[in-house]
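What follows is a set of notes on a single structure, which appears directly below.
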2 protein chains.
Amino acid sequence: MNKTKKKILEAALQLFNTYGLPNVSQRKISDHLGISPGNLTYHFKKKENIEEALYFDLVNWISEEFRQMGEKEVSLQNLITFVDSFFVTIYTYRFVYLDIVHLMRNNDVISAHYKQLIISRKLQFLRMIEQFIDSGLFREAELPDEYEMLYKRIQIILDFYLSAEEITENTIGYRPMGNHTLLFMHSIYPYLTLKGKKQFQEILPLYE
Amino acid sequence: MNKTKKKILEAALQLFNTYGLPNVSQRKISDHLGISPGNLTYHFKKKENIEEALYFDLVNWISEEFRQMGEKEVSLQNLITFVDSFFVTIYTYRFVYLDIVHLMRNNDVISAHYKQLIISRKLQFLRMIEQFIDSGLFREAELPDEYEMLYKRIQIILDFYLSAEEITENTIGYRPMGNHTLLFMHSIYPYLTLKGKKQFQEILPLYE
DNA sequence: TTAAAATTAGTACGTTTGTACTAATTTTTA
DNA sequence: TAAAAATTAGTACAAACGTACTAATTTTAA
């Protein structure tokens, strides 16, 4: 990729993350970089194009993480390692998550893509749960659609954990590695079998 | 309260809910009402003042709901009824939740108030759980801070359920009464005792 | 080395933003 | 009913917005 284009994306990411997407204009980005607004428009005709470039960067990173997890065996430890790396990526592109509603409302390309994405994510999750049940670590569902509902909650937590931190914490900025993984682990704990809970409690102390 | 002031708040609420807080200017509100911008500035000098008036309306409604719940006995049915009414209120003031990060970032008054609020909410929740444990409906915690973590997740779901719907659903606008209560119920189900689960399964069919 | 292409700077346009100000009108009060 | 207060309309302004345009410069390629 072009050198300037890369620099623009880096600056935009930093500014979006710091001040929030609606608070950062194209001029602020070019000023921040010390380049002319015309130069910026040359590389990205619209602000939406910058958003999209960053969004698809994020998506590619996450796809790569999913691919890597798919290669490993199904285990609690691997799941947790995956969630951990997932949250690091989320944090790197946190403006996407902190302003996700605004982003989707004002950018049809991203909105359409994301809506497709979460459908396949859900299927992936349910397949994984099935494998966990087969391996005797997760219990069978006790309620209709119990694991579909679990996924729904986990999705909300993945998408909005940073937002929740942002509006809760008194500290300015974020602690890069908070308790997100611990929160995720607690979400799945009640669905484990005795065998699963035992394994879980061996791993847990490492995250507290 | 003044008649015009009331009309301004109603219009602002509707426009904020529909188009999103950052997409609605003071002029759009006055245009929508057919009053002059000068008139609007007379009643609310700054846009933030409108946000705050609506936010504190919301807070008052919720306080009233908490008060009403506090009067009733501790039971699953009463809890669910409460969550239901809670979500209706959230939906009425949905712009607060859909743009909550942007709102908090740009409005110090609301931000400060909210951060105080959730502290007392957490304590209320934990007290309630204790009562549920005493009544034999919830099990004891199996992990350190297990119910603190449950609360954290429930808080995220309460605050961001509408956002999750907004970015997930293909329908324009919202279905006023979605599956939020069902989602909440699934959150607490795994923590119930056998007695609690039995009670739960009697109530569940009413919500599907 | 010279022509073409890509990149950059600089400027400018029409809107919209938040907000301030004055003057007219309506309502309230004495 | 007259004076005072509250409310409303209308206008204006500087700043910022997204974006378009042209001209200069640099890089690439023939």
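This structure is a prediction, so every number in the text was calculated from the model and none was measured. Just the heavy atoms: all of them, side chains too, but no hydrogens, waters or symmetry mates, feed the values below. In what follows, every chain begins at residue 1, and chains take the letters A, B, ... in the order their sequences are listed.
- Checked against side-chain hydrogen bond (donor to acceptor under 3.5 Å, both in side chains), A:Arg139 has the following partners two or more places apart in sequence or in another chain: A:Glu142, A:Glu146.
- Pairs passing the ring pair (Phe, Tyr, Trp, His ring centres under 6.0 Å) check and including a residue from residues 94-122 of chain A, sequence neighbours excluded, read A:Phe16-A:Phe95, A:Tyr55-A:His113, A:Phe56-A:His113.
- Here D:dA16 presents its P atom at 15 Å from OH of A:Tyr19, a figure rounded to the nearest Å.
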> Taking protein heavy atoms under 4.0 Å as touching, what does nucleotides 14-23 of chain C look like 5' to 3' if B marks base contact, S marks sugar-phosphate-only contact and - marks none?
Replying inline: ---BBBS---
Below 3.5 Å between N/O atoms, which protein atoms pair up with nucleotides 5-7 of chain C? Just atom names and distances, please.
from  : atom 1 : to      : atom 2 : distance (Å)
C:dT7 : OP1    : A:Asn2  : ND2    : 2.9
C:dT7 : OP2    : A:Tyr42 : OH     : 2.6

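- Rounded to an integer number of Å, the gap from A:Ile50 CD1 to D:dT19 C1' is 12 Å.
- With sequence neighbours excluded, the residues satisfying side chain to side chain contact (heavy atoms under 4.5 Å, CB included) with A:Lys46 are A:Glu48, A:Asn49.
- Partners of B:Ser25 by side-chain hydrogen bond (donor to acceptor under 3.5 Å, both in side chains), not counting sequence neighbours: none found.
- Residues meeting the ring-ring contact (aromatic ring centres under 6.0 Å, His included) test with A:Phe200, sequence neighbours left out: A:Tyr189.
- What separates CG of B:Leu40 from C1' of D:dG10 is a distance of 14 Å, to the nearest Å.
- In terms of the ring-ring contact (aromatic ring centres under 6.0 Å, His included) criterion, residue partners of A:Tyr147 (sequence neighbours excluded) are, by chain and number, A:Tyr191.
- By the side-chain hydrogen bond (donor to acceptor under 3.5 Å, both in side chains) test, B:Glu64 is found to be paired with B:Arg67, B:Gln68, residues two or more places apart in sequence or in another chain being considered.
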Contacts under 3.5 angstrom, residues 121-135 of chain B side chains, donor-acceptor by atom type, not counting sequence neighbours:
from     : atom 1 : to       : atom 2 : distance (Å)
B:Ser135 : OG     : B:Gln131 : O      : 3.4
B:Ser135 : OG     : B:Phe132 : O      : 2.9

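- A salt bridge links A:Arg105 to B:Glu166: one of the charged nitrogens lies within less than 4.0 Å of a carboxylate oxygen.
- Contacts of B:Phe184 classified as ring-ring contact (aromatic ring centres under 6.0 Å, His included), with partners at least two apart in sequence or in another chain: none.
- The CG-P distance, from B:Asp31 to D:dG10, rounds to 12 Å in whole Å.
- For DNA chain D, none of the residues of residues 5-16 of chain A falls under the heavy-atom distance limit of 4.0 Å.
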